[in-house]
Structure formats: structure tokens, C-alpha cells
2 protein chains.
Amino acid sequence: MSDSPKRPKNQLKSHIRAQNQELILCTAERVFARQGLAKTTTQMIADEAGLPKANIHYYYRSKKDLLEAVLERILQLWLDSVSQFNVELGPCHNLTRYISEKLEQSRLNPNASKVFAMALIGEEPFVLDYLRRYFVEELQKEKSTINTWVEQGLMKPVSVEHLFINIWAMTQTYADFDAQVKILLQKETLEEEDFMQAKQFVTRMVLLSCGIEEART
Amino acid sequence: MSDSPKRPKNQLKSHIRAQNQELILCTAERVFARQGLAKTTTQMIADEAGLPKANIHYYYRSKKDLLEAVLERILQLWLDSVSQFNVELGPCHNLTRYISEKLEQSRLNPNASKVFAMALIGEEPFVLDYLRRYFVEELQKEKSTINTWVEQGLMKPVSVEHLFINIWAMTQTYADFDAQVKILLQKETLEEEDFMQAKQFVTRMVLLSCGIEEART
DNA sequence: GTGTATTCTGACCAAATATTCAAGTTTTGT
DNA sequence: ACAAAACTTGAATATTTGGTCAGAATACAC
């Protein structure tokens, strides 16, 4: 979808193509995050990327195509970056790591996080389809893992759905609603330290609610 | 700001005026929530309200004015609807009630909740100013109340800022990202029952993290 | 070096949309 | 009943913006 004209006869995209697409996607992600999905114009992206507008349209037929390419990238990142649960290591270790990784990802890719949230709140079909396709089955795996732990008496039984809904809500709020967080914390910018505190706070809540002794990491 | 022409000589707005503004604000809130802030056109609002577009502009000079009127209404609701902490009654009762009220509000006014989230993620200056003006001092009160409880040994010391950030994150996620929640819960619509479960789940998490014995309400 | 495929880009177009206006209609105060 | 104020609304306007196109420039294969 994102390759407008015929690609170079075989395998690899041309060097130029790959490079420009990368530039455009990165810039678009940034501008989308800053301006909002609908308020962003192709012109803004073009200007910020230092390219003429027509050049953007050479690589991405339409604004919709471009947005979807940006979203695909983000969702891929989301899916890849957070490692799976490892049954062996038990709930405490896994949940702690999971929360840590999610928060770290929000901190390091605030733009991606925000664009994703915007698309989700706007119910972009592309994102909803993606969630339906990949995350539901993902959740099933975590669910069975957690059930195993429950059977082993390593944690209390909890609603896995609600657990994940709330872990996601908490870990993403620091990136998505950073404006609100900054106001409440009375800070100009969120430092690594703030994320560390968030990490501790959220981890504590989650572990306690699962009846797990807190680890001192 | 939101009253374009001279108002009737004194006190009360004319009946017609009040009625039309009410209709327009309600409709606008709904359409904004459905379409997104930027994608919504005055024409859509006009059509859905059954009024000609020019009539909308008679009451609200610009789209921006209209959005701000809608937001003001929502923020007012937000501020009013959730009752203050009552020191006498202790942390368990108050936190339980607070979470319950916030979730109930999300459930009953999903549009308002969503428009607010959209404006917040888009960093609408109007909303940020409002937060700075009212919520920061609001938080101060809660903070000192909680400190009192901590001193009385009724709960463990916690970061009040992070506590509220995360309570808000959790209670609003069910309305704001309902599309995601629906997918994960595999439901067409969120029922009262789902909100009840959310209420229990969130309350449990919060109380445990504050070292408070769970109430059986 | 030559020709073909790819990339670049300024100019242009059509559709969408916020906003204005002026001429009508209704309501209201007295 | 009458005039002033408030309200209504179809039509016009100005601007923004996504998208196109044709020809120029560049890279690439041989």
C-alpha cells in the first residue's frame, strides 16, 4: 500500500526510497503527535521534513495512506518491544518487567504513544483491526500464563482483562496526557526520575492487587 | 464569550436563546465525541441539531468559541460532580466513593469524557489553563487530607500526585478508550456490569496500595 | 555513454469548510 | 398595535487543503 510506483525490479527498495520514507514517517509521527491527526496538513509535514509537498505524495498517495503507514510502524513497535511473559520466572518478575518496559517505551517514544492514543480515541478502523487481529490472541496467552501461576499459588486470581486494561491505562497516561501530568507535578518537563517513581508506584499497585510480595529491585 | 449579540436588557437570557444554546451544546458535544474535534464541521452539528448552519454561528461566532463553550460545560461538570473528601469518614470510605463516582461519571457521560480527553491530548490551551487554575489547588486539599490520614495511621504514605494521576487514568480509560476495552472484553457494548467490575478492580488496587483493609460494599 | 527507470517539484485544480451578510421573520416590551 | 430587539436563514465569500500532473532532474543498468 505504501509503495506508490513499481518498485525496483527486485528485492530491495532503492536506497533513496528507503531513506525518504524513513524521513517522512519520522517527521509525520512527530507532527501528528504535536498537531493532532486531523489538524496536521501534508504541507506541515513537508515543511518540517524539508521536502516539497508533492514529494510526500509521491511516496504516499494520500494523507490516509501516510497515517496508516505511521500507525503500522507504531503498532509494530508496540508488539515487538514488550517481551512475552516467561512462565518460569513467576508473576513478580514478569509483571515488574512488563510495567517497566511499557513505561520505558512511553518515555522513549512519546510521539508514537500519543499518535497511537489519538488514533485509538478517534477509533481509526486501521488500529481497531490491528488490535482485534493481534492483541486479543496476545491477551489469551498472558491469560493462560497467569492462570498457571494462580494454580501454583503464586498469585491471587484476578480478572486478567481488567488487569491489562488498567496497566495500559496507567503506563500510557504519563506519555499521552503528559500535559496534565506536568501540571499536577508542577514540572516543565517529565524527567527520567518521574518515570522511575511512576514505575515504582504502578508496580506496587499491581503486585499488591495480585497478592504478590513486593520485590526490592 | 459565548453570547454573540447583546443580551436581553437584563438578567436572564431569553427563553429561546437558552433553549437553542442547550440544544447546540449537547449536539456539539455528541458530534465532537464521535468525529473528533478537528474533523467535526459546523455543518454536521447543524444537521444533527436540525438547524441551519448560520444559526449555529448566530450563537457561537466561531467553531473555536463553540468548542470552548462545550469544554467549559464539561469541566464544570467534572469539577462539580465529584464530591470532596470528607476527613471524618476516613480513607477507605472516601477513596471508594471517589473511584465509584468517577467511574459512574465516565459511564453516564461518555461523550463528555471523550471530548475532554481529546482536548487534553491535543493540549487545547483552554483546558490546560482550566486545569492549572482549578485542579492544582484542588489536589492540594486532597493532599493535606491524605496527610492527615497518614498521620493518624489510617493509611500508608503514598505519593498523592501519582495516586490521582493513576486513579484518573484508570477511571477514564473505560470511557475514553472504550473501543479498546470492548475489543479486549469481546463485547459489543459496555454494560453497567462491566463498570461494576472495573469499580471493584480499581478500588481494590487503590486501597491495597494505600495499605487499607478492603471494605465489603 | 546512452537509454530507461526513478525521483523531484512548481503550478494547478477541485472540494470542503469556516465565516459573513443582508434581508426576512418572530418575539417582546409597552 | 407598534416598534425595537431578537432570531432565522439562504446565499455568497474567502481560505484552506488534499490531491494531480507534466516536465525537469537524477540515478542506474548495461
Side-chain angles (χ1 to χ4, degrees), chain A residues 1-25 27-28 31-32 34-71 122 124 126, chain B residues 1-25 27-28 31-32 34-71 122 124 126:
Chain A
M1 286 296 117
S2 39
D3 305 330
S4 336
K6 327 119 199 180
R7 19 173 99 79
K9 278 158 206 128
N10 28 19
Q11 311 97 319
L12 338 164
K13 300 189 213 172
S14 85
H15 184 236
I16 289 177
R17 186 174 199 76
Q19 188 174 302
N20 277 337
Q21 288 190 329
E22 182 65 15
L23 171 63
I24 292 169
L25 289 178
T27 311
V31 182
F32 276 133
R34 197 171 56 231
Q35 302 282 342
L37 270 31
K39 266 190 278 190
T40 297
T41 69
T42 54
Q43 188 65 65
M44 289 176 200
I45 298 172
D47 288 349
E48 192 153 329
L51 295 173
K53 187 176 60 159
N55 207 352
I56 306 283
H57 276 94
Y58 172 69
Y59 288 105
Y60 299 95
R61 280 186 201 295
S62 67
K63 187 183 165 183
K64 184 165 162 281
D65 278 357
L66 174 53
L67 174 60
E68 294 189 352
V70 170
L71 286 172
E124 288 282 333
F126 183 86
Chain B
M1 287 299 115
S2 37
D3 304 330
S4 335
K6 327 119 202 182
R7 17 175 100 79
K9 277 157 209 132
N10 30 20
Q11 312 95 320
L12 337 165
K13 301 187 212 177
S14 84
H15 184 235
I16 288 175
R17 186 176 198 75
Q19 189 174 300
N20 277 338
Q21 288 191 330
E22 181 65 15
L23 171 63
I24 292 169
L25 289 178
T27 311
V31 181
F32 276 133
R34 197 172 56 232
Q35 302 282 342
L37 269 30
K39 265 189 277 190
T40 297
T41 70
T42 54
Q43 188 65 66
M44 290 176 197
I45 298 172
D47 289 348
E48 192 153 330
L51 296 174
K53 189 175 54 161
N55 207 351
I56 306 283
H57 275 95
Y58 173 70
Y59 288 104
Y60 300 95
R61 280 187 200 296
S62 67
K63 187 182 164 183
K64 183 165 162 280
D65 277 359
L66 175 53
L67 174 60
E68 293 188 355
V70 170
L71 286 172
E124 288 281 332
F126 183 86

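Predicted model only: the values in this text are computed from it and were never measured. By convention in this document, chain letters (A, B, ...) are assigned in the order of the sequence lines, proteins followed by strands, and residues within each chain are numbered from 1.
At the phosphate of C:dC8, neither OP1 nor OP2 sits under 4.0 Å from any side-chain N or O atom of A:Y58. Of the side-chain N and O atoms in B:R17, one or more sit less than 4.0 angstrom from OP1 or OP2 of D:dC7. Remark: A:N20 is in phosphate contact with C:dC8, judged by side-chain N or O atoms under 4.0 Å from OP1 or OP2.
Put simply, OH on A:Y59 and CD on A:E22 are 13.0 Å apart, with the number rounded to the nearest 0.5 Å. In this structure, CZ in A:F32 is found 8.0 Å from CG in A:L71, a value given to the nearest 0.5 Å.
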Check nucleotides 23-28 of chain C against the protein and report each pair of N or O atoms closer than 3.5 Å, with its distance, or say if there are none.
none

Below 3.5 Å is the cut-off: list the nitrogen or oxygen pairs between protein and nucleotides 17-20 of chain D, distance only.
| unit_1 | atom_1 | unit_2 | atom_2 | d |
| --- | --- | --- | --- | --- |
| D:dG18 | OP2 | A:T42 | N | 3.1 |
| D:dG18 | OP2 | A:T42 | OG1 | 3.1 |
| D:dG18 | N7 | A:K53 | NZ | 3.2 |
| D:dG19 | OP2 | A:K63 | N | 2.5 |
| D:dG19 | O6 | A:K53 | NZ | 2.7 |

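C:dT9 atom P lies 13 Å from atom CG of A:D47, rounded to whole Å. Look at CG on B:N55: it is 15 Å from C1' on D:dA11, rounded to the nearest Å. Between the CD1 atom of B:I56 and the C1' atom of D:dG10 there is a distance of 15 Å, given to the nearest Å.
Looking at every heavy atom in both residues, A:A49 comes nearest to A:L23 through O-CD2, 3.7 Å. The two residues B:L37 and B:K63 come nearest to each other via the heavy atoms O-NZ, 3.5 Å.
We find that B:E68 and B:R61 are not joined by a salt bridge, their nearest charged nitrogen and carboxylate oxygen being 4.0 Å or further apart.
Screening residues 41-50 of chain B for salt bridge (Lys or Arg N to Asp or Glu O under 4.0 Å) gives B:R30-B:E48, B:R34-B:E48 as the qualifying pairs, with residues at least two apart or on separate chains.
No option in A:K53, A:Q35, A:K39 other than A:Q35 meets the side-chain contact (heavy atoms from CB on, under 4.5 Å) test with A:M44. Checking each of A:T40, A:L51, A:L25 against A:I45 for a side-chain contact (heavy atoms from CB on, under 4.5 Å) leaves exactly one that passes, namely A:T40.
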